[in-house]
Amino acid sequence: ADQGDVELQFSLGITYEENNTGLNLSEAARWYSRAADCSHNLALYHLGRLYEVGRGVNQDYSEAIKYYQIASNIGNADSLYRLGAIYQDGKGVEQNTKNAIDYYTQAAEKGNNMAQYTLGRLYEEGKLLSKNIPEAVKWYSISNSQGNENAQKRLHDYFDELYPSGSFYSRWFQILSRISEISNNRNDNQNNELLGSVHFKLGHMYFYGYGSKLDYKKALECFRKSTK
């Protein structure tokens with residue numbers, strides 16, 4: 001590591017951080033810093049995180065933002081998510097909703113499931129974004145497909161408690177179909193309760209022609225799937 005092996009420097013940082021004591025955290029920061037000097041994107045993110053929460057280094061939001069921005073410029077989605085949170089909460093910077101949403105969206109599009117879940121919450125709550133339930137469910141479904149348990153819970157709540165109406169039917173049909181498709185592609189056997197609700201709703205929509213063409217055969221297939 002002292003000879004400049006960047007991956008080894010990063011691995012040492014991880015090892016020291018996992019030991020989670022004051023001295024070890026300081027060593028973690030030192031090795032992350034060595035790797036970060038060589039633009040190692042995960043080291044940049046971890047170093048930024050240490051500065052954000054004040055572990056092994058003095059808490060310094062400016063330093064955290066600096067390292068997150070460098071990491072995000074080379075494609076680190078976790079850093080984009082943390083930048084979104086910092087700008088949403090106004091930690092060390094002036095609170096900036098537009099920047100927060102931009103960072104969350106970039107992180108979500110790069111596959112960060114927490115950013116996807118956060119966008120779902122923001123669309124659901126209608127605080128930083130205009131309230132848009134179909135858009136919320138879309139992001140929840142994408143986040144859930146990557147294993148986010150909070151997103152799964154929100155989807156389950158929606159399918160049990162809410163049902164679309166009016167102009168939302170077509171959009172909801174697309175979303176439900178997409179969730180079913182994602183789960184089938186993943187051979188997902190862990191979300192049976194959620195999928196049962198999805199297939200039941202799809203069956204109902206096919207049966208009555210809500211958001212889709214009336215199709216009794218597909219309705220029956222969906223109803224059968226909902227009982228598995």
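Sequential numbering from 1 along the given sequence is applied to the chain's residues.
Looking at Ser212, its side chain never comes within 3.5 Å of a backbone N or O of Gly209 through a donor-acceptor pair. At distances below 3.5 Å, not a single donor-acceptor pair connects side-chain atoms of Ser143 with backbone N or O atoms of Trp139.
Counting heavy atoms from C-beta on, the side chains of Ser177 and Leu202 come closer than 4.5 Å. Side-chain atoms of Ser79 and Leu44, non-hydrogen and from C-beta on, never get closer than 4.5 Å to each other.
Between the OH atom in Tyr32 and the NE2 atom in His46 there is a gap of 5.0 Å [rounded to 0.5 Å]. A distance of 14.0 Å separates NE2 of His199 from CZ of Arg224, quoted to the nearest 0.5 Å. Distance OG1/Thr97 to CG/Leu128: 5.0 Å, rounded to 0.5 Å. To the nearest 0.5 angstrom, Ser62 atom OG is 11.0 Å from Gln59 atom CD. Annotation: the span from Asn41 atom CG to Tyr45 atom OH amounts to 11.5 Å, rounded to 0.5 Å. In this structure, OH on Tyr67 lies 14.5 Å from CG on Asn76, to the nearest 0.5 angstrom.
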Practice item. Could you go through the side-chain contact (heavy atoms from CB on, under 4.5 Å) check for Gln174 and Lys138 one step at a time? Key: CA-CA 9 Å; Gln174 293 172 15; Lys138 180 192 83 171; over 6 Å; no
Check your understanding: Passes side-chain contact (heavy atoms from CB on, under 4.5 Å), Tyr81 versus Thr118? Steps please.
Key -> CA-CA 9 Å; Tyr81 169 68; Thr118 299; 3.6 Å; yes
Practice item. Check the pair Glu52 / Arg82 against salt bridge (charged side-chain N to carboxylate O under 4.0 Å, His left out), numbers first and verdict last. Key: CA-CA 9 Å; Glu52 182 183 355; Arg82 292 311 312 157; 2.4 Å; yes
Practice item. Verify ring pair (Phe, Tyr, Trp, His ring centres under 6.0 Å) between Tyr140 and Tyr117, making sure each step is shown before the conclusion. Key: CA-CA 6 Å; Tyr140 286 147; Tyr117 170 75; 5.7 Å; yes
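Neither Ile86 nor Ile70 shares a network with the other; the hydrophobic side chains, linked directly or stepwise wherever heavy atoms of I, L, V, M, F, W or Y lie under 4.5 Å apart, form separate groups for each. Cluster membership for Leu80 and Leu119, using ILVMFWY side-chain heavy atoms within less than 4.5 angstrom, is not shared. Under the 4.5 Å side-chain heavy-atom criterion for Ile, Leu, Val, Met, Phe, Trp and Tyr, Val57 and Ile14 are members of the same hydrophobic cluster. Cluster membership for Leu214 and Leu176, using ILVMFWY side-chain heavy atoms within less than 4.5 angstrom, is shared. Cluster annotation: Leu8 is not connected to Phe10 through the hydrophobic network of ILVMFWY side chains, with a link wherever side-chain heavy atoms come within less than 4.5 Å.
Applying the side chain to side chain contact (heavy atoms under 4.5 Å, CB included) rule to Ser11 yields no partners; only residues at least two apart in sequence or on another chain are considered. When the ring-ring contact (aromatic ring centres under 6.0 Å, His included) test is applied to Tyr61, no partner is found at least two apart in sequence or on another chain. Not counting sequence neighbours, the partners of Lys66 by the salt bridge (Lys or Arg N to Asp or Glu O under 4.0 Å) test are Glu63. Take Asn24 and apply the side chain to side chain contact (heavy atoms under 4.5 Å, CB included) test, not counting sequence neighbours, and it matches Tyr16, Asn19, Thr21. Glu149 meets the side chain to side chain donor-acceptor pair (under 3.5 Å) test with no other residue; sequence neighbours excluded.
For the salt bridge (Lys or Arg N to Asp or Glu O under 4.0 Å) condition, no pair includes a residue of residues 206-217, sequence neighbours left out. For residues 15-27, every residue pair satisfying the salt bridge (Lys or Arg N to Asp or Glu O under 4.0 Å) rule, not counting sequence neighbours, is listed here: Glu17-Arg55, Glu27-Arg30. Applying the salt bridge (Lys or Arg N to Asp or Glu O under 4.0 Å) definition to pairs two or more places apart or across chains, those involving residues 95-108 are Lys98-Asp102.
Listed here is the closest heavy atom pair of Leu47 and Ser33: CD2-CA, 3.8 Å. Taking each heavy atom of Gln69 and Tyr103 in turn, the nearest pair found is NE2-OH, 3.7 Å. Of all non-hydrogen atoms in Ala43 and Ala35, the two that sit nearest each other are CB-CB, 3.6 Å. The two residues Ser226 and Gly196 make their nearest non-hydrogen contact at CB-O, 3.3 Å. What you find for Ile74 and Ser39 is that their closest heavy atoms are CD1-O, 3.4 Å.
With hydrogens and angles left out, the side-chain atoms of His40 and Gln9 include no donor and acceptor closer than 3.5 Å. Judged by distance alone, the side chains of Gln116 and Gln146 do bring a donor and an acceptor atom under 3.5 Å apart.
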Side-chain donor-acceptor contacts of residues 105-115 below 3.5 Å, not counting sequence neighbours, with atom names and distances?
unit_1: Thr105; atom_1: OG1; unit_2: Ile101; atom_2: O; d: 2.8
unit_1: Asn112; atom_1: OD1; unit_2: Met114; atom_2: N; d: 3.1
unit_1: Asn112; atom_1: OD1; unit_2: Ala115; atom_2: N; d: 2.8
unit_1: Asn112; atom_1: ND2; unit_2: Asp78; atom_2: OD1; d: 2.8
unit_1: Asn113; atom_1: OD1; unit_2: Asn148; atom_2: ND2; d: 2.8

Just distance, no hydrogens or angles: give the donor-acceptor pairs under 3.5 Å from side chains in residues 87-94, sequence neighbours left out.
unit_1: Gln88; atom_1: OE1; unit_2: Tyr104; atom_2: OH; d: 2.5

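Between Tyr206 and Phe173, the gap from one ring centroid to the other is short of 6.0 Å.
Chaining together hydrophobic side chains whose heavy atoms lie under 4.5 Å apart leaves Leu220 on its own. Applying the 4.5 Å side-chain rule to ILVMFWY residues, one finds that Leu25 remains a lone member of its cluster.
The pair Glu124-Lys131 does not meet the salt-bridge criterion, since no charged nitrogen lies less than 4.0 angstrom from a carboxylate oxygen.
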